[in-house]
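Note sheet for the following structure.
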Amino acid sequence: MGPVRGVRKRKKADKKPEENASGSGSSEKEGPVDWWDEFSKRINGLQSPAKGLDKFESVFKVSRKTFDYICSLVNEDMLAKSAHFVFTNGKPLCLYDQVAVALRRLSSGESLVTIGDAFGVNHSTVSQVTWRFVEAMEERGLHHLQWPSTEAEMSEIKSKFQKIRGFPNCSGVVDTTHIMMCLPASDPTSDAWLDQEKNHSMVLQAIVDPDMRFRDIVTGWPGKMKDWTVFQSSNFYELCDRGERLNGKILDLSKGLDIREYIIGDLGFPLLPYLVTPYEGKELPVPKAEFNKRHYATRMVAHRALARLKDKWRIIQGVMWRPDKHRLPRIILVCCLLHNIVIDMEDEVQDEMPLSHKHDSTYHQQICGTVDVNGVHLRDKLSLYLSGRMPMPP
């Protein structure tokens, strides 16, 4: 499998979360609650609940409402194939059991053996159930990660971005992070995955909205690839160059000065007609320095999204020993889907998690240096507007 480049469209219409949130057609009392009462008695050796969370939320990193909705998404696919997963005592795993095993594996990053021992299943069952869950989420959950499809949705995104630090008509923030891998030196492919910080890693590029929701992702490339190379290999880049993305409403700031839709990113990306990067240099004039401060503060939304992704779904924190390079991008994609589902479901568990912006703390800032003259004009117009020397838009 090649790099994950965004997401494909579903063939069938997907239901919204609120239409589907009662699991497999059962009421909450008949399903997850009674199931959890029995299942929790089997769990051995898991940590005590984190502050502010009950045991269920501490174990699975989601609320029962969100767990129930996830079960409703994967129900058909996980139960369609003939497989008889059982506990070590011979009792079959129901849908809730299987989703619980998979979510615990993805959220904790614990080994197959540790989860198997804690949940009373064989470690090979943990592996098979988790992979079946990943496949089901790929099939049923992709509508949770997509570019805004209506003008109203995009307008809301741009309005929220402007409220952060004033950037008008901004449609997203792009950033990259490194997903660590445990590879032995004897692995013949290890050098190919060795990045500039001497870690074995895979790149994840994400474009994020103001609610920390992933709108477009690219992953699967070796960590040694530069940020701008990953971006320029993406489908998003191709769509923008063809005028098929970031081609929405143009904002008139004043006579003869208008602002197209754009995204922002750090100096690791090229300055393009639709991608605005900061000004380079330390001794900058006040307007440019102010622009950079606002630019950095707005980019924080992507930093926080990637930090939360890694903190919540710890299987992508580099704990997988000799991961399958073809499967890892799909696991990363599903973790991004789950991240978005938690946001879409307005899950209260996310409010209990501390906000961090450190997702690649050991990595140095890359400098691309590529500059497009139209990108320069756009950045200068934005700087002029943000400096207060231009009338506010109507």
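Because only heavy atoms are used, hydrogens play no part in the values below, and waters and symmetry mates are left out as well, while side chains stay in.
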Is any side-chain heavy atom of [X] closer than 4.5 Å to a side-chain heavy atom of [Y]?
X: Arg165; Y: His295; value: no
X: Ile259; Y: Leu378; value: yes
X: Ile207; Y: Trp147; value: yes
X: Ile115; Y: His123; value: no
X: Lys381; Y: Asp258; value: yes

Holding to side-chain hydrogen bond (donor to acceptor under 3.5 Å, both in side chains), I want the full list of residues that pass it with [X], two or more places apart in sequence or in another chain.
X: Ser124; result: Asn122
X: Ser107; result: none
X: Lys91; result: Glu38
X: Glu290; result: Arg294

(request) Tell me who clusters with Ile367, hydrophobic residues only, linked when side chains sit under 4.5 Å apart either directly or through other members. (result)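 Its cluster mates, by chain and number, are Leu267.
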Value rounded to 0.5 Å, distance of [atom1] in [X] from [atom2] in [Y]:
X: Arg327; Y: Trp131; atom1: CZ; atom2: CH2; result: 5.0 Å
X: Ile331; Y: Leu333; atom1: CD1; atom2: CG; result: 10.5 Å
X: Leu145; Y: Asn340; atom1: CG; atom2: CG; result: 5.0 Å
X: Asp311; Y: Leu306; atom1: CG; atom2: CG; result: 12.5 Å
X: Tyr296; Y: Ile264; atom1: OH; atom2: CD1; result: 12.0 Å
X: Arg304; Y: Leu309; atom1: CZ; atom2: CG; result: 16.0 Å

(request) Please answer: with hydrophobic residues joined when any side-chain heavy atoms are less than 4.5 Å apart, are Met202 and Leu194 in the same cluster? (result)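 Not linked; separate clusters.
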(request) Answer with yes or no whether the hydrophobic clustering places Trp228 together with Trp221; edges join I, L, V, M, F, W, Y residues whose side-chain heavy atoms lie under 4.5 Å apart. (result) no
(request) State yes or no: are the ring centers of Phe119 and Phe87 separated by less than 6.0 Å? (result) no
(message) Centre-to-centre under 6.0 Å for Phe167 and Phe161, is that the case here?
(response) no
(message) Does Gln365 have more than 12 heavy atoms from other residues, nucleotides or ligands lying within 6.0 Å of its CD?
(response) yes
Identify the two heavy atoms, one from [X] and one from [Y], that lie closest to each other, and give their separation to 0.1 Å.
X: Arg314; Y: Lys61; result: NE-NZ, 4.1 Å
X: Gly223; Y: Gln196; result: O-OE1, 3.5 Å
X: Arg132; Y: Gln98; result: CD-OE1, 4.4 Å
X: Asp175; Y: Ala302; result: CB-CB, 3.9 Å
X: Ser171; Y: Ile263; result: C-CG2, 4.2 Å
X: Asp266; Y: Gly268; result: OD1-N, 2.8 Å

Does this structure show an ion pair linking [X] with [Y], if we count only N-O contacts that are shorter than 4.0 Å?
X: Glu261; Y: Lys249; value: no
X: Glu138; Y: Arg330; value: yes
X: Glu76; Y: Arg140; value: yes

Throw together a table of side-chain donor-acceptor distances under 3.5 angstrom for residues 269-286, partners on residues two or more places apart or in other chains.
| from | atom 1 | to | atom 2 | distance (Å) |
| --- | --- | --- | --- | --- |
| Tyr274 | OH | Asp241 | OD1 | 2.9 |
| Tyr279 | OH | Asp380 | OD1 | 2.7 |

(message) Once salt bridge (charged side-chain N to carboxylate O under 4.0 Å, His left out) is applied, do any residues pair with Glu244, and if so which ones, sequence neighbours excluded?
(response) Arg242
Any side-chain to backbone donor/acceptor pair from [X] onto [Y]? Under 3.5 Å, distance only.
X: Thr229; Y: Met225; answer: no
X: Ser159; Y: Ser155; answer: no
X: Ser40; Y: Trp36; answer: yes
X: Ser254; Y: Leu257; answer: no
X: Gln366; Y: Asp227; answer: yes
X: Glu57; Y: Val349; answer: no
X: Arg64; Y: Phe56; answer: no
X: Ser234; Y: Phe231; answer: yes

(message) Filter on side chain to side chain donor-acceptor pair (under 3.5 Å), then keep only pairs touching residues 201-211, sequence neighbours left out; what's left?
(response)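 Applying side chain to side chain donor-acceptor pair (under 3.5 Å) to every pair that reaches into residues 201-211, excluding sequence neighbours, yields Lys160-Asp211, Asp195-Ser201, Asp209-Arg213, Asp209-Arg215.
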I'd like to check the side chain to side chain contact (heavy atoms under 4.5 Å, CB included) partners of [X]; sequence neighbours left out, ordered by chain and number.
X: Lys224; value: Pro222
X: Val62; value: Phe60, Thr66, Phe67, Leu103, Trp313, Val342, Asp347
X: Thr150; value: Ala152, Glu153

(request) Could you name each residue pair satisfying ring pair (Phe, Tyr, Trp, His ring centres under 6.0 Å) that touches residues 194-215, not counting sequence neighbours? (result)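 Passing the test, one end in residues 194-215: Phe214-His339.
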(message) Quick one about Asn199 and Trp193 (side-chain donor to acceptor, distance below 3.5 Å, no hydrogens or angles considered), yes or no?
(response) no
(request) Take Tyr385 and Phe291, measure what ring-ring contact (aromatic ring centres under 6.0 Å, His included) needs, and give me the verdict at the end. (result) CA-CA 10 Å; Tyr385 166 71; Phe291 174 90; over 10 Å; no
